[in-house]
Amino acid sequence: MTDKPMLQVVDLTIAFPTAAVVDQVSFEIPQGGTMGLVGESGSGKSMTSLAVMGLLPREARTTGRISFMDEELLGRSDRQMRRLRGDRMAMIFQDPLSSLNPYYTVGFQIAEAYRAHRGGSRRAGLRRAVEAMDRVKIVDADKRVNHYPHQFSGGMRQRVMIAMALVCEPELIIADEPTTALDVTVQAQILELLAEVQQSTGAGMLFITHDLAVVSQVSDRITVMRHGRTVEQGTAEQIFSRPSNDYTRQLLAATPRLDDQVDLPEPILTPVGSEDS
Amino acid sequence: MTRQPLLRAENLVRDFRTGPRTIFRAVKGVSFDVARRETLGIVGESGSGKSTTARMAAKLIEPTEGLLEFDGVDVTYKAGKALRDFRGGVQVVFQDPYSSLNPRHTVEQVISAPLLYQGRKVLGGRRRVVKESMERVGLNPDHSGRYPAQFSGGQAQRIGIARALVVEPQLVICDEAVSALDVSVQAQVLDLLRDLQRDLNLSYIFIAHDLAVVRQIAHKVAVMKSGEIVEQGSREAIFDAPRHEYTQSLLAAVPQVDPSWEAARQAG
């Protein structure tokens with residue numbers, strides 16, 4: 001184990017022919033740590049994560065540095081990035097249904113994710129799939145591998161996606177709004193699962209979300225983004241108890257609280273028959 | 001003392017046919033009421049029946065069984081003039097502002113559409129009413145010739161609200177009306193809804209899956225699960241002293257910022 005960060009992003013700038021979308025963003029993730037990227041739509045948080053994975057559209061011009069385990073990622077070929085993605089670096093997206101192929105069983109798809117990087121027989125791949133599904137607590141994994149995506153609930157599908165992300169035991173997990181489409185009780189389970197997985201595998205995590213309460217729970221450190229720029233960076237405690245930036249403060253103030261309420265206009269309770277008086 | 005609510009629903013049931021001999025009961029007998037200038041929040045997870053309930057309250061679909069009363073009049077299964085009158089009194093704001101606004105209509109056409117459907121003659125003309133309505137929701141009335149795609153999400157939702165208000169309804173049903181919005185925009189739209197309630201004595205039925213949002217807008221809350229209301233009460237009762245196990249588990253699942261961090265920030 002080294003003290004060097006596993007992922008280091010330095011002065012990342014992403015520009016499209018028409019506009020710059022990310023401007024000089026820097027952050028790092030230590031071994032086993034979680035960086036939360038939080039911001040509203042258009043803040044550049046998803047573009048940043050796509051850049052780390054090498055999934056930006058061709059017309060995007062990227063400058064800066066992204067080093068992963070001391071290897072520079074910017075400027076790598078698609079082929080080199082493909083070898084990395086799904087293997088040492090895995091992704092979990094918002095919508096599991098559109099990330100899964102409806103025509104194949106989930107077991108086949110998890111097995112493919114494994115075999116694409118590690119090879120081996122279909123049977124061996126399927127065995128890995130069962131193990132991975134067990135690890136994300138899908139009951140009866142040995143039977144469920146043969147089911148199709150539509151036979152799973154939204155929360156279960158996201159577990160399948162997490163199983164697929166974990167099958168090659170990645171060093172870095174990139175989760176882009178992984179619980180946004182889920183019901184709140186399911187969200188709580190998935191967040192708990194991600195924390196457990198990270199604990200047991202020691203993987204680092206880049207967690208992208210618009211939800212401040214979620215990011216406060218999952219992150220060690222947080223980067224608040226707006227219009228492609230970093231407005232503030234710090235530990236979760238710093239950001240939430242002593243925000244130094246006005247925008248962060250506004251964002252926190254705008255977030256509705258479950259344990260506090262604003263005043264409402266008084267309802268008019270008209271007794272029957274007195275409406276004309 | 002008996003009080004007459006603006007809208008009253010009694011034992012609403014709604015079945016959907018799912019096959020030649022199978023029926024799915026999405027809503028299994030729910031009762032609630034809304035007073036003038038009052039907001040009823042309906043919360044629940046996906047599949048709880050909250051949207052079906054909202055659609056019955058808006059008379060977008062009819063209940064299989066049950067009674068719906070508006071302003072003391074039974075409106076269940078009513079059509080024709082009674083339905084037109086109801087549409088003048090009850091309007092709906094939907095979740096996705098872009099898909100619920102005709103992209104090929106100017107904002108003026110969008111907002112004045114309900115007036116047209118109801119064949120209303122408007123004092124001072126449609127154009128003036130549209131501009132007033134835009135001003136009321138915080139939109140620049142000079143933009144009435146623009147198309148929905150030229151507005152941001154928050155502005156587009158304001159167009160949806162302006163359209164609902166143009167017939168001067170007494171009740172507006174908001175089905176996940178702020179769910180797609182960024183948190184700072186969401187806060188502004190919630191502010192607007194509260195201001196409109198105060199100024200126009202509006203009532204709302206506010207459907208949402210986000211419990212913290214519901215606490216900021218609803219006087220009382222109904223918690224739905226599997227087609228039933230498991231608990232109903234004032235927002236203080238539901239959020240501070242939930243009695244039903246399901247409500248408790250729902251509230252416990254909502255992610256929250258560490259209260260000590262929150263306190264430190266408020267103090268600093």
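Lettering of chains follows the sequences in order, A, B, ..., and the numbering in each one begins at 1. These numbers come from a predicted model, not from an experiment.
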Review point. Pick from B:Ser46, B:Ala264, B:Ser203, B:Ala187: which one has the most heavy-atom pairs with chain A under 4.5 Å?
Key: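 When all of B:Ser46, B:Ala264, B:Ser203, B:Ala187 are compared, B:Ser46 has the most.
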
Point to revise | Residue A:Gln199 excluded, over 12 heavy atoms near CD under 6.0 Å | key: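 Check fails, neighbour count at 12 or below.
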
Check your understanding: Do B:Gln216 and A:Leu264 come close enough that some side-chain heavy atom pair is under 4.5 Å?
Key ->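 No, their side chains stay 4.5 Å or more apart.
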
Check your understanding: With respect to chain B, which residue among A:Asp263, A:Asp260, A:Leu182 yields the maximal number of heavy-atom pairs within a distance under 4.5 Å?
Key ->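 Option with the top pair count is A:Asp260.
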
Check your understanding: In terms of heavy-atom pairs under 4.5 Å with chain A, which of B:Thr39, B:Asp240, B:Ile217 leads?
Key ->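 Looking at each of B:Thr39, B:Asp240, B:Ile217 in turn, B:Ile217 comes out on top.
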
**Study point:** B:Arg194 and A:Val262: CA distance, side-chain angles, deciding distance, side chain to side chain contact (heavy atoms under 4.5 Å, CB included) verdict
**Key:** CA-CA 10 Å; B:Arg194 284 184 296 255; A:Val262 299; 3.3 Å; yes

Check your understanding: Side chain, backbone, both or neither: which part of B:His219 has a heavy atom under 4.5 Å from chain A?
Key ->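 B:His219 touches chain A through backbone and side-chain heavy atoms alike.
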
**Study point:** Euclidean distance, B:Gln197 CD relative to A:Glu266 CD, rounded to 0.5 Å
**Key:**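 Here the rounded value is 10.5 Å.
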
Practice item. Output the distance between atom CD1 (A:Ile239) and atom CZ (B:Arg265), rounded to the nearest 0.5 Å. Key: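 Spacing of CD1 (A:Ile239) from CZ (B:Arg265) equals 11.5 Å.
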
Check your understanding: Taking every heavy-atom pair that is under 4.5 Å apart, which of B:Arg198, B:Gln188, B:Gln186 has the most such pairs with chain A?
Key ->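 Heavy-atom pairs under 4.5 Å are most numerous for B:Arg198.
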
Exercise for review: Using a cut-off of 6.0 Å, state whether more than 12 heavy atoms not belonging to A:Arg144 lie near its atom CZ.
Suggested key: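 Atom CZ in A:Arg144 is crowded, with more than 12 foreign heavy atoms closer than 6.0 Å.
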
Point to revise | Any side-chain heavy-atom pair of A:Ser216 and B:Gln256 under 4.5 Å | key: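 No; the side chains remain at least 4.5 Å from each other.
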
Point to revise | Flag for A:Gln261-B:Glu236: side-chain donor and acceptor within less than 3.5 Å | key: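 Judged by distance alone, the side chains do pair up.
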
Review point. Nearest 0.5 Å, what's the CD-CD1 distance between B:Glu38 and A:Ile268?
Key: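 These two atoms lie 10.5 Å from each other.
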
Review point. Around atom NZ of B:Lys225, are there more than 12 heavy atoms of other residues, nucleotides or ligands at under 6.0 Å?
Key: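 Atom NZ in B:Lys225 is not packed in, count stays at 12 or less.
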
Review point. When rounded to the nearest 0.5 angstrom, what distance separates NE2 in A:His210 from CG in B:Leu181?
Key: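 Here the rounded value is 10.5 Å.
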
Check your understanding: Any side-chain heavy atom of A:Arg257 sitting closer than 4.5 Å to one from B:Val257?
Key ->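 No, every pair of side-chain atoms sits at 4.5 Å or beyond.
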
**Study point:** A:Thr179 and B:Pro255, any side-chain heavy atoms less than 4.5 Å apart
**Key:**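 No, their side chains stay 4.5 Å or more apart.
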
**Study point:** Where B:Ala35 and A:Leu269 come nearest, the two heavy atoms and their spacing
**Key:**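 Closest heavy-atom pair between B:Ala35 and A:Leu269: CB-CD2, 3.6 Å.
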
Review point. From B:Glu45 CD over to A:Asp183 CG, what is the distance, rounded to the nearest 0.5 angstrom?
Key: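 It is 4.0 Å, given to the nearest 0.5 Å.
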
Check your understanding: Can you tell if the side chain of A:Leu258 reaches within under 4.5 Å of the side chain of B:Phe239, non-hydrogen atoms only?
Key ->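 A:Leu258 vs B:Phe239: side chains touch.
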
Review point. So, A:Gln250 versus B:Ser184: side-chain donor-acceptor pair below 3.5 Å or not?
Key: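 There is no such pair between these side chains.
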
**Study point:** B:Ala267 versus chain A, the contacting section by heavy-atom distance below 4.5 Å
**Key:**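 For B:Ala267, neither part sits under 4.5 Å from chain A.
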
Point to revise | Which atoms of A:Asp259 approach chain B - backbone, side chain, both or neither, heavy atom under 4.5 Å | key: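 For A:Asp259, the contact with chain B is made by backbone and side chain together.
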
Check your understanding: To the nearest 0.5 Å, how far apart are CG in B:Asp258 and CD in A:Gln217?
Key ->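 It comes to 9.0 Å.
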
